[in-house]
Amino acid sequence: MIARSFTRAAAAAPTRTVAAPAATAAFSSLPRMTKVVCTLGPSTETKEKVGELVDAGMAVARLNFSHVHPSDYSEPLEKLRLVRGASGMHHALGRSGGAVPPNLRAVLVDTKGPEIRTGKLQGGVDVAEIVDGSVVTLTFDDVVDDKVEETGVRLHVDYPSLAATVQVGGLVLLDDGLIALEVTGIDHASKSVATVARNSGPIKARKGVNLPGAVLDLPALTDKDKADLKWAVQEGADYVAASFIRSAANVRSCIAHLERCCDEHEVNGIRPLRPLVISKIESEEGVDNFDEILEESDGIMVARGDLGVEIPFEKVFAAQKLMVSILSRAPSRTPSRVPSHTPSHVSSRRSSRVPSRTSSRTSSRTPSRTYSRTPRGEQMQRSRQASDRRDSDARLNDAPA
């Protein structure tokens with residue numbers, strides 16, 4: 001990845017080769033193609049801790065915006081300032097001071113993204129108990145005033161297209177897959193879905209809902225995401241991790257919004273650099289559409305935790321290996337401008353689409369690459385078949401003679 005936190009004066013700074021001191025031996029020993037992304041949390045939001053992360057080899061600082069409210073950006077702003085104020089490699093190499101910033105670590109803003117959640121429970125209770133085999137009705141209607149019934153549970157789900165999305169026999173997963181519901185009936189008139197619980201467990205309000213294998217009718221960006229992306233452009237973030245990317249259209253929507261934000265923050269003909277978009281693959285739909293997502297993205301993040309809810313967890317590793325192998329074969333794109341002071345240890349598969357400050361929306365786009373490969377569905381099917389064959393062989397070997 002490319003760190004782009006620099007001033008116009010620093011962009012023209014000449015480069016020179018300096019032998020790394022012993023203090024940076026741990027950093028220099030890291031594989032050149034491996035970058036360390038650190039999430040800044042409560043235990044690392046001090047100047048001393050951020051300095052330790054930088055010394056240990058942090059290349060990118062991740063700011064999680066899942067719990068950041070658009071009315072108060074003080075917390076991520078303080079973390080961003082800590083990262084940029086920490087003494088980095090320039091300081092260690094004796095090149096700090098003047099127009100060169102003390103630290104060239106990149107900053108990544110990780111958006112919350114669109115999601116489906118349960119609403120307030122029947123009777124306003126804090127916790128509802130779902131029993132294995134019980135009937136659970138999912139509806140878009142408010143159920144907080146409904147009486148709690150012993151025959152079943154009614155849950156509000158904040159997804160109006162639920163009835164049009166699921167199919168009979170499909171699964172609805174609650175609370176990161178802790179509770180599985182099987183769809184038994186769909187009432188399109190009332191937009192409600194009848195399900196049967198496949199296991200027992202408690203459920204609370206505002207818990208996540210996953211629909212494995214379904215094509216979701218959700219926007220690429222929520223209002224909160226748009227506000228967060230505007231802040232990212234305003235503060236000069238280097239990367240944006242776009243959550244729950246499911247198609248190329250989602251990526252284009254994110255890039256288009258960032259471009260508009262860059263236009264709004266143009267001052268005296270100087271246009272901010274657009275943060276590079278890292279698409280997070282977190283669903284089966286994202287895996288199925290990986291080809292087209294890759295074509296539009298500046299980078300890919302495999303969110304294995306969320307992906308393990310959508311597809312069987314034993315298949316996550318095969319899907320990840322498949323995506324990484326495609327990324328490794330994909331040709332790099334030539335960046336339109338790379339700052340001359342960019343350290344050699346900072347690189348990217350696509351050190352790309354770094355538009356000049358005065359570039360237009362269209363000029364910042366690089367022609368899509370073309371390369372042949374087996375269609376995604378066929379590859380995934382082959383991977384599943386190979387896994388099934390291995391399981392079958394293992395069972396035969398373990399069987400008594």
Side-chain angles (χ1 to χ4, degrees), residues 1-2 30-31 33-39 58-66 106 108-115 173 176-177 208 210-216 218 220 225 238-251 254-255 275-333 347-352 369 371 373-384 386-387:
M1 292 189 282
I2 293 181
L30 290 174
M33 292 301 293
T34 300
K35 307 298 179 292
V36 179
V37 181
C38 300
T39 299
M58 177 180 71
V60 181
R62 172 180 174 267
L63 306 182
N64 186 3
F65 272 64
S66 294
L108 180 146
V109 170
D110 197 334
T111 62
K112 184 178 183 180
E115 57 187 2
L173 305 179
D176 292 335
N210 292 85
L211 308 176
V215 178
L216 303 180
L218 289 174
D225 294 332
D238 304 285
Y239 299 95
V240 166
S243 297
F244 296 102
I245 292 296
R246 305 175 305 281
S247 66
N250 293 160
V251 186
C254 184
I255 292 177
L276 300 182
V277 176
I278 310 299
S279 297
K280 296 175 65 176
I281 307 300
E282 310 182 55
S283 65
E284 185 175 354
E285 186 179 357
V287 175
D288 292 339
N289 296 329
F290 182 71
D291 288 350
E292 62 178 61
I293 292 173
L294 179 60
E295 291 292 339
E296 301 294 335
S297 304
D298 297 304
I300 297 294
M301 182 187 298
V302 182
R304 296 188 300 178
D306 293 282
L307 191 58
V309 177
E310 288 273 335
I311 66 177
F313 67 88
E314 67 271 15
K315 307 296 184 184
V316 171
F317 305 100
Q320 173 181 287
K321 186 175 181 180
L322 183 62
M323 287 185 278
V324 172
S325 66
I326 294 174
L327 285 165
S328 300
R329 295 197 306 269
S332 300
R333 298 187 184 182
S347 61
S348 175
R349 179 191 68 81
R350 294 182 66 187
S351 318
S352 62
R369 56 183 183 275
Y371 51 92
R373 56 174 175 264
T374 308
R376 167 75 43 245
E378 184 176 341
Q379 288 184 336
M380 291 300 295
Q381 184 178 4
R382 289 179 180 178
S383 175
R384 294 191 182 101
S387 178

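Just so it is clear, the model here is predicted, and its values are computed rather than measured. Heavy atoms only: backbone and side chains are in, while hydrogens, waters and symmetry mates are out.
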Closest heavy-atom contact between [X] and [Y]?
X	Y	value
Gly286	Ile281	C-CG2, 3.9 Å
Arg246	Leu218	NH2-O, 2.7 Å
Val240	Pro275	CG2-CB, 3.8 Å
Pro114	Asp225	N-OD2, 3.9 Å
Gly177	Val309	N-CG1, 4.0 Å
Ala242	Cys254	CB-SG, 4.2 Å

Short question: side chain of [X], backbone of [Y] - any donor-acceptor pair under 3.5 Å?
X	Y	result
Asn210	Glu310	no
Glu296	Ala248	no
Asn64	Ser66	yes
Glu284	Ile311	no
Arg304	Val302	no

- Item | Pair Asp238-Val60, side-chain contact (heavy atoms from CB on, under 4.5 Å): steps then yes or no | CA-CA 9 Å; Asp238 304 285; Val60 181; over 6 Å; no
- Message: Within the structure provided, determine whether Leu307 and Gln320 are in side-chain contact (heavy-atom separation under 4.5 Å).
- Response: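 Answer no - side chains too far apart.
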- Message: Any non-hydrogen side-chain atom of Phe290 less than 4.5 Å from a side-chain atom of Leu327?
- Response: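 The answer is yes, as the side chains (C-beta and beyond) meet within the 4.5 Å cut-off.
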- Going through the checks in order, is the side-chain contact (heavy atoms from CB on, under 4.5 Å) test met by Lys112 and Ser243? CA-CA 6 Å; Lys112 184 178 183 180; Ser243 297; over 6 Å; no
- Message: Walk me through whether Met301 and Val37 qualify under side-chain contact (heavy atoms from CB on, under 4.5 Å).
- Response: CA-CA 11 Å; Met301 182 187 298; Val37 181; 5.9 Å; no
If I take atom [atom1] from residue [X] and atom [atom2] from residue [Y], how far apart are they, to the nearest 0.5 angstrom?
X	Y	atom1	atom2	value
Ser279	Glu295	OG	CD	12.0 Å
Thr39	Leu108	OG1	CG	8.5 Å
Leu294	Asn289	CG	CG	12.5 Å

- Message: Out of the candidates Asp110, Thr111, Asp306, only one should pair with Lys280 under the side chain to side chain donor-acceptor pair (under 3.5 Å) rule; please name it.
- Response: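 Between Lys280 and the candidates, side chain to side chain donor-acceptor pair (under 3.5 Å) is satisfied uniquely by Asp110.
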